[in-house]
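Here is the structure we will look at, set down as structure tokens.
The figures here come from the full heavy-atom set of this structure, side chains too, leaving out hydrogens, waters and symmetry mates. Everything numeric here is computed off the predicted structure, so don't read it as measured data.
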Amino acid sequence: MATSEGISTFQNLLYVADQPVENIADTFKGLVPEQKRFEAACTLMAMLEDGDLQANQRIVALYILYHLYNIVPIHENPFLLLFLNLYKSLFSNLAFVKANYDLLVEFRVEALILADKGAQLAHKTPTDIFFQFSNTENSLMDTEEVNIARFEHYIKLEFDSWTEIGDKEVREVSYTPPSQVSVIKHEPHPLEVEMDYNMLADLDRDEVRSLMNRALQGALSIPEEEFILKQLEKNDKLIYTCDFSPEKLPFLIENNSRVAIKVLLQLKSSPQIDQYLETLLTIDDPERSQQSSMEPVNRMRSSMEVVNNLLSSFPLTPEFLHFYLSNCVRACEECRNRNIQDRQVRLICVFLQSLIRKNIIDVNRFLIEIQAFCLQFSRNREAASLFRFLLDYQKEAVAEEVVVLSDLLNSSDINGENGDHSGKCELS
């Protein structure tokens, strides 16, 4: 566990009440080295379990634990058991919770996290969260949105995958292929060592192939996912032995987006890369919903995560982005479920703002379509915010053009005054 000196590097963040919780969580990441974050997060977990924190500090701590692993589905967050136990404890005393604002707010936050909607808190300060959740009549999350039995099933599967050593000791959670369990009890001959290494490599490849097939059918555990990523990093040609085709890409993106990102990066030089990208373009098409059991919002979120990660190291053309965004908008427009549609609108708006702020897309190229989208869904707060953002962006662009034009005119006037006027005609 972290030392008292280590705790002091981030404990002051728990007292911050006037900054968005996402900023607080990002500051936590900046203060704590990556290799120490899990240990620091365990310290936060202990504080939450011991009841040592005040109400606003608990909200910040909960969000940090969610934010550290928000790139994976909530059931893969290593602190799922903590979230679930805290939620169940309050859920079993709803009458008391409703009468206590502090507990009411914490219950709502835990419910949002377990419903994989923690992103809704990102831009709110702890003060905003308390004001909103304690002053809303219907501030309790609908109970059907948090499926306790489903999470307990995930936790049971994870515990069942651990291997006991002796009667009391339990192995640290990590994915170790069977080929690495054996112990050599004698001093091996050099040729024997070489043969063992080759056998291990072959067995690792077989293990990766097996896991890749499972990755197309459902979410892998974090240790399994890390094992695949590590093996793909060690051998950038390994994916070519896994019988992976463009038709399988949507299933991998839906179930294991981190693996999909790594696979696409390693297939960058493949002759079939255009086919893979074309498949990525159509993953959010309404037709895809008929082939997939995944909720459209989660599928769109996964595809956006893949595209966003590819942008930094992949030659995605403006035409690709145009088609991808157009398909996302079309999927949103054709959705008949109002709740799902609103969530898709929020995803698209946040994604667009991110692309514009990073100067990844040319606003002028998409301006008319984006404005039309914002007006069509103006009932949505994020769409209205994006529309205002575009107006401000245009004003800034016009102001910059005026400055440039003014400088050019001034420069032209100065040159005219200093010239020889040889082009002028004199009238007698």
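Leu48 and Leu53 get closest at one heavy-atom pair: CD2-CD1, 4.1 Å. When every heavy atom of Asn56 is checked against every heavy atom of Leu14, the shortest pair comes out as ND2-O, 4.1 Å. The two residues Ile253 and Ser302 come nearest to each other via the heavy atoms O-CB, 3.4 Å. Considering all non-hydrogen atoms of both residues, Asn255 and Ala215 come closest at CB-O, 3.3 Å. Ile59 and Val105 make their closest contact through CD1-CG1, 4.1 Å (heavy atoms, listed as atom of the first residue, atom of the second, distance). Between Leu249 and Tyr276, the shortest heavy-atom contact is CD2-O, 3.4 Å.
In this structure, Asp50 places its CG atom where more than 12 heavy-atom neighbours from other residues, nucleotides or ligands lie under 6.0 Å away. By the 6.0 Å contact criterion, CD on Gln272 is enclosed, its count of non-hydrogen atoms from other residues, nucleotides or ligands being greater than 12. Other residues, nucleotides and ligands contribute only 12 or fewer heavy atoms inside 6.0 Å of the CD atom of Glu278. Atom OH of Tyr240 has more than 12 heavy atoms from other residues, nucleotides or ligands within 6.0 Å. No more than 12 heavy-atom neighbours from other residues, nucleotides or ligands sit within 6.0 angstrom of CZ on Phe323.
Ring geometry for Tyr324 versus Phe351: interplanar angle over 60°, hence perpendicular rather than tilted (30 to 60°).
Among Tyr66, Tyr63, Phe38, the single residue meeting the ring pair (Phe, Tyr, Trp, His ring centres under 6.0 Å) criterion with Phe79 is Phe38.
In this structure, Leu82 and Leu65 have side chains that are in contact, with non-hydrogen atoms separated by less than 4.5 Å. Within the 4.5 Å cutoff, the side chain of Asn309 has no heavy atoms near those of the Arg258 side chain. Side-chain contact check for Ile361 versus Pro318: every heavy-atom pair is 4.5 Å or farther apart. Lys358 has its side chain within reach of Ser354: a pair of non-hydrogen atoms, C-beta onward, lies under 4.5 Å apart. Contact of the Glu247 side chain with the Thr279 side chain is not registered, since no non-hydrogen atoms from C-beta on lie closer than 4.5 Å. Contact check for Arg58 versus Asp102: no side-chain heavy atoms found under the 4.5 Å cut-off. Proximity of Leu321 to Thr317: side-chain heavy atoms (C-beta onward) are nowhere separated by under 4.5 Å. Between Glu233 and Lys262, the closest side-chain pair of non-hydrogen atoms falls below 4.5 Å.
Side-chain N or O atoms of Arg338 include none that pairs as donor or acceptor with a backbone N or O of Arg336 at under 3.5 Å. The backbone N or O of Gln54 sits less than 3.5 Å from a side-chain atom of Gln57, completing a donor-acceptor pair. Looking only at distances, no side-chain donor or acceptor of Gln217 sits under 3.5 Å from a matching main-chain atom of Arg214. Counting only distance, with no hydrogens or angles, the side chain of Thr43 and the backbone of Glu39 share a donor-acceptor pair below 3.5 Å. Checked by atom type and distance alone, the side chain of Arg37 pairs as donor or acceptor with a backbone atom of Lys29 at under 3.5 Å. Thr125 places no side-chain N or O within 3.5 Å of a backbone atom of Pro20 that could act as its donor or acceptor partner.
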Could you walk me through whether Ser210 and Asn213 satisfy the side chain to side chain donor-acceptor pair (under 3.5 Å) test, starting with their C-alpha distance in whole Å, then the side-chain angles of each, then the deciding distance to 0.1 Å, before giving a yes or no? CA-CA 5 Å; Ser210 174; Asn213 287 330; over 6 Å; no
Could you walk me through whether Val60 and Val16 pass the side chain to side chain contact (heavy atoms under 4.5 Å, CB included) check? CA-CA 8 Å; Val60 174; Val16 177; over 6 Å; no
Run Glu254 and Arg301 through salt bridge (Lys or Arg N to Asp or Glu O under 4.0 Å) and show every step you take. CA-CA 9 Å; Glu254 291 173 6; Arg301 181 187 295 113; over 6 Å; no
Could you go through Leu211 and Glu225, starting from their C-alpha distance and side-chain angles, then the distance that decides it, and tell me whether this counts as side chain to side chain contact (heavy atoms under 4.5 Å, CB included)? CA-CA 8 Å; Leu211 287 174; Glu225 184 181 75; over 6 Å; no
Give the intermediate values and the outcome of side chain to side chain donor-acceptor pair (under 3.5 Å) for residues Asp26 and His67. CA-CA 8 Å; Asp26 286 337; His67 183 74; 2.9 Å; yes
Evaluation steps, side chain to side chain contact (heavy atoms under 4.5 Å, CB included), between Gln275 and Leu267: CA-CA 11 Å; Gln275 297 177 43; Leu267 290 170; over 6 Å; no
Starting from the C-alpha separation in whole Å, work towards a yes-or-no answer on salt bridge (Lys or Arg N to Asp or Glu O under 4.0 Å) for Lys88 and Glu110. CA-CA 10 Å; Lys88 287 168 62 178; Glu110 290 162 1; over 6 Å; no
Show the numbers, then the answer: is there a side chain to side chain contact (heavy atoms under 4.5 Å, CB included) between Gln231 and Ile228? CA-CA 5 Å; Gln231 295 302 317; Ile228 286 186; 5.9 Å; no
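Using a 4.0 Å cut-off between charged side-chain N and carboxylate O, Glu295 and Arg299 make no salt bridge. A salt bridge is defined here as a Lys NZ or Arg NE, NH1 or NH2 lying under 4.0 Å from an Asp or Glu carboxylate O, and Lys124 with Glu22 fails to meet this definition.
Note that CZ of Phe107 is 7.0 Å distant from CG of Leu90, once rounded to the nearest 0.5 Å. The CZ atom of Phe251 sits 13.5 Å away from atom CG of Asn256, with the distance rounded to the nearest 0.5 Å. Considering CG of Leu86 and CE of Met45, their distance stands at 10.5 Å, rounded to 0.5 Å. For the atom pair Leu112 CG and Ile74 CD1, the distance stands at 11.0 Å (nearest 0.5 Å). The line from CG of Leu13 to CZ of Phe28 is 8.0 Å long, rounded to the nearest 0.5 Å. Between the CD1 atom in Ile261 and the CG atom in Leu252 there is a gap of 10.0 Å [rounded to 0.5 Å].
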Sequence neighbours excluded and cut-off under 3.5 Å, please list the side-chain donor-acceptor pairs for residues 364-386, or say none.
| residue | atom | partner | partner atom | Å |
| --- | --- | --- | --- | --- |
| Arg365 | NH2 | Glu319 | OE2 | 3.4 |
| Glu369 | OE1 | His322 | NE2 | 3.3 |
| Glu369 | OE2 | His322 | NE2 | 2.9 |
| Gln371 | NE2 | Gln394 | OE1 | 3.3 |
| Ser378 | OG | Leu375 | O | 3.3 |
| Arg379 | NE | Asp342 | OD1 | 3.3 |
| Arg379 | NH2 | Gln341 | OE1 | 2.8 |
| Arg379 | NH2 | Asp342 | OD1 | 3.0 |
| Asn380 | OD1 | Glu382 | N | 2.9 |
| Asn380 | ND2 | Asp342 | O | 3.3 |

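For residues 70-79, no residue pair satisfies the salt bridge (Lys or Arg N to Asp or Glu O under 4.0 Å) rule, not counting sequence neighbours.
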